[in-house]
Amino acid sequence: MEHIVLLGDSIFDNRAYVSGPDVVAQLRAAIPAGWHATLLAVDGNLAGHIPDQLEKLPGDATFLVISAGGNNALQLISRLGQGVELYAEVLIDLAYEQAAFEKEYEAAVRTALGKGRPVGVCTVYYPKFPEPELQESAKAVLAVFNDVILRTAFRHHLPVIDLRAVCDEAADFANPIEPSEHGGEKIVRAILELVRRRRSNETTFVLGW
């Protein structure tokens, strides 16, 4: 019996952006009979909201999956979209924001691990902005934020779903930053593979590449 709990933001809580089943509904349809899935992720939340989400953790939860950081990065991407005159200013902004995010993400992961359940984490996929300059800026910012996610995961020996490799085609997106039903289906398959490998006692890995 497994009870999978989804924590984080709209990568999991995408109900408002799809006409069909959202990620948690797709997960519930895919898991074996007797298993359960709970959505604690909230559209618009930051990594710093994870401890609050964990206050509602079901007592029988067996595996926690975190997908957070996209909204943290989006705040910086939005500022870059307004135009920056100095290259050095961009790098300084990135450095400060990375340090702040690392502190926030580390606290979120430590809080999750403190619940005594296995934890897996997800990187943030690349968006699909139609404007080339905004798209490239977003990828550059997300590289910095995903570096934090990966280093935190490796530091705590956590398995990783690399959503950059999972959601890698236009059909995976309902809009530039939210997963579609097609993308949700791929995310669910990755989550179930994560659970399968944990149940098989496989070693730490990055799933997606």
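Model, not experiment: these values are computed from the prediction.
Here ring pair (Phe, Tyr, Trp, His ring centres under 6.0 Å) pairs that include residues 126-151, with residues two or more places apart or in two chains, are F101-F145.
Annotation: side chain of I161 is in contact with side chain of V166 (closest heavy-atom distance under 4.5 Å). Under the 4.5 Å side-chain criterion, counting only non-hydrogen atoms from C-beta, L64 is in contact with L7. With a 4.5 Å cut-off on side-chain heavy atoms, L57 and V5 count as touching. F63 is not listed as a side-chain neighbour of V119, based on a closest heavy-atom distance of 4.5 Å or more. Between V144 and V141, every side-chain heavy-atom pair lies at or beyond the 4.5 Å cut-off. Side-chain atoms of H49 and V42, non-hydrogen and from C-beta on, never get closer than 4.5 Å to each other. Residues R197 and P159 fail the side-chain proximity criterion, which asks for heavy atoms closer than 4.5 Å. Considering only heavy atoms from C-beta on, T38 comes within 4.5 Å of H3 through its side chain.
Side-chain N/O atoms of S180 and D172 include no donor and acceptor closer than 3.5 Å.
Classification of E102 and R155 as a salt-bridged pair holds, one side-chain N sitting under 4.0 Å from a carboxylate O. A salt bridge links E2 with R198: at least one charged nitrogen is closer than 4.0 Å to a carboxylate oxygen. Using a cutoff of 4.0 Å between basic side-chain nitrogens and carboxylate oxygens, D168 and R164 are not scored as salt-bridged. With respect to R189 and E185, a salt bridge is recorded, a charged nitrogen being found less than 4.0 Å from a carboxylate O.
Nearest heavy atom pair, residue A108 against residue L54, reads O-CD1, 4.4 Å. When all heavy atoms are compared, the tightest approach of L40 to P58 is CD1-CD, 4.4 Å. Taking every heavy atom of both residues into account, C167 and G183 meet most closely at SG-O, 4.1 Å. Of all the heavy atoms in G184 and P179, the pair that sits closest is N-CB, 4.4 Å. Minimum interatomic distance between R117 and D60 (heavy atoms only, all atoms of both residues): NH2-N, 4.2 Å. Taking both residues in full, the closest heavy atoms of P51 and A47 are given as CD-O, 4.0 Å, listed atom of the first, atom of the second, then distance.
Checked options T152, V65, I66; the residue passing with V121 is I66 (criterion: side chain to side chain contact (heavy atoms under 4.5 Å, CB included)). Remark: of the listed residues T123, L76, V124, V124 is the sole one forming a side chain to side chain contact (heavy atoms under 4.5 Å, CB included) with L142.
The distance from atom CG of N14 to atom CD of Q26, rounded to the nearest 0.5 Å, is 7.0 Å. In this structure, CD1 on I11 lies 11.0 Å from CG on D43, to the nearest 0.5 angstrom. To the nearest 0.5 angstrom, I50 atom CD1 is 16.0 Å from R110 atom CZ. Atom CG in L113 sits 11.0 Å away from atom NE2 in H157 (nearest 0.5 Å). For the atom pair C122 SG and L6 CG, the distance stands at 8.5 Å (nearest 0.5 Å). Separation of atoms CZ (R196) and CG (L192) is listed at 10.5 Å; rounding is to 0.5 Å.
Y17 and I177 end up in different hydrophobic clusters when Ile, Leu, Val, Met, Phe, Trp and Tyr side chains are linked at under 4.5 Å. L74 and L46 fall into different hydrophobic clusters, where Ile, Leu, Val, Met, Phe, Trp and Tyr residues are linked whenever their side-chain heavy atoms come under 4.5 Å apart, directly or through other members. Hydrophobic clustering (ILVMFWY, side-chain heavy atoms < 4.5 Å, transitive): I187 and V18 are in distinct clusters.
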For side-chain contact (heavy atoms from CB on, under 4.5 Å), just list the numbers for V109 and H156, CA-CA rounded to whole Å, side-chain angles, deciding distance to a tenth of an Å, and then say yes or no. CA-CA 9 Å; V109 168; H156 293 284; 4.0 Å; yes

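By the neighbour-count criterion of 12 heavy atoms within 6.0 Å, atom CD of E169 is densely surrounded, having more than that number from other residues, nucleotides or ligands. Other residues, nucleotides and ligands place no more than 12 heavy atoms under 6.0 Å from the NZ atom of K103.
In this structure, the side chain of N71 engages the main chain of N45 through a donor-acceptor pair within 3.5 Å. Between the side chain of Q53 and the backbone N or O of G8 there is at least one donor-acceptor pair closer than 3.5 Å. With hydrogens and angles ignored, the 3.5 Å screen pairs no side-chain donor or acceptor of R15 with any backbone N or O of D22.
With sequence neighbours excluded, no residue forms a salt bridge (Lys or Arg N to Asp or Glu O under 4.0 Å) with E104. Taking F173 as the reference, Y125 meet the ring-ring contact (aromatic ring centres under 6.0 Å, His included) condition, with sequence neighbours excluded.
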